[in-house]
Amino acid sequence: MDITAPLAAVLAQIGSRFPELADDPVMAESLLENVTSMIAEAHERYRAGAEASIVSDRYLDPAHLATGALHAEHAQHPAGAMLAAEVLFDAYLPVFVDEVGALSPADVLRATRALHAGIWSRFPAGAIAYTEALRQRVTTAHLDSRTQIARDLHDRVAHGILAGLQRIDLTLLTDPPAADRTARLEDAARLLRGALGEVQDLAVALHARVGDDLLDAALARHAKDLFPPDSAISIVSLGTPLVLPNWKAEEALTILLEALTNWRKHAPGSTAVVEFDWGSASVTVTVADDGPGFDTTTEADGRLGRLTMRERAALIGATLAVTSAPGAGTTVSLAVPAGPL
């Protein structure tokens, strides 16, 4: 694709302002294609003598819907694209006026409207596609969470209740000696208490809220409710904590509690350390344990609910990484940007 020197200069200016667009090869290619098509459309509108610049009625243009979906996939909020469009309009308008040879005030106005229409025509469809993609992610995350809750109720709670009831039934049917009867009933009580504990843990996790706390304080509060006092878990915070937007903090808390629940379930008896590393514009949280670990090359994301965790991370523009190896423990890392977008 041929790029004129003025267009290359504008793209460089956008790239310097928005490195997340320039550094990602897919997004950079999309940016180039969109900018060149915007300018080409502006030229067509000017040559056709179009006077109006209202183009929001073209909100279902398939090409523009695809761009919005791509931005959602790469966690690029529409506000960022709008800011880039403002830079494009401001920087390229003098170039465009010169390209079309607009001399009179009326021609300059028509050129301005043509460039505005060429640029703005992408945004209604892009915003709709972005919103739909996020709604789909929310739906998927909620469905995955419901599936996981159902699996926990079936595999952990129902199993414990069934095993306890079987021991009670066996005791009633066989009428064993007093010593055996007591041992069986104590075993049944232990299993039923374990099932009750599982239900209580699920209830606490489902009602987890950050509220007015900072994320590290909220996690410490809920960890105290979820895990016994003698649990080998420590939470440390480095740097100056940031106040995250509430919707981001709530999702991040859900992800971190899931990571800790997985630690207790799959690495009992091991030690877990949660470290908050606060930066100026983001926080990175790592949950590391010295448990048995697992082979990430053969285990699917579903093993530790990682698919749901990744979906939730994507919703808040965060990145999630899980590293593990047999005998080397497991580390879950969550990087959350602090901005509102």
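As the structure is a computational prediction, the values presented were derived from the model and not from experiment.
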task: Identify the two heavy atoms, one from P337 and one from S282, that lie closest to each other, and give their separation to 0.1 Å.
output: CA-CB, 3.9 Å
- prompt: Donor-acceptor pair, S234 side chain versus V273 backbone, under 3.5 Å?
  reply: no
query: Are the side chain of R167 and the backbone N or O of A163 linked by a donor-acceptor pair below 3.5 Å?
result: yes
- prompt: Looking at A249 and L244, what are the two nearest heavy atoms and their distance?
  reply: CB-CB, 4.1 Å
- request: Step through it carefully: locate the ring centre of H266, locate the ring centre of F294, and say whether they are under 6.0 Å apart.
  value: no
- prompt: Within the distance-only criterion (no hydrogens, no angle test), does the side chain of R312 pair as donor or acceptor with the backbone N or O of E251 below 3.5 angstrom?
  reply: no
- prompt: Where do A272 and W263 come nearest, in terms of heavy atoms and distance?
  reply: CB-CE2, 3.4 Å
message: Can you tell me how the ring of W278 sits relative to the ring of F276, calling it parallel under 30°, perpendicular over 60° and tilted otherwise?
response: parallel
query: Counting only N and O atoms by type, is there a donor-acceptor contact under 3.5 Å from the side chain of R310 to the main-chain atoms of L320?
result: yes
- line: Interatomic distance, CG@L115 vs CD@E41, rounded to 0.5 Å, equals 10.5 Å
message: How long is the straight-line distance from OG1 of T286 back to CD of E275, given to the nearest 0.5 Å?
response: 5.0 Å
message: Ignoring hydrogens, what is the shortest heavy-atom contact between A288 and T331? Give both atom names and the distance.
response: CB-OG1, 3.6 Å
task: Let me know which of D290, N262, V322, T323 forms a side-chain contact (heavy atoms from CB on, under 4.5 Å) with T330.
output: V322
query: Within a reach of under 6.0 Å around NZ of K224, are more than 12 heavy atoms found that belong to other residues, nucleotides or ligands?
result: no
- request: Measure the shortest side-chain to side-chain distance between T271 and I233 over non-hydrogen atoms and say whether it is less than 4.5 angstrom.
  value: no
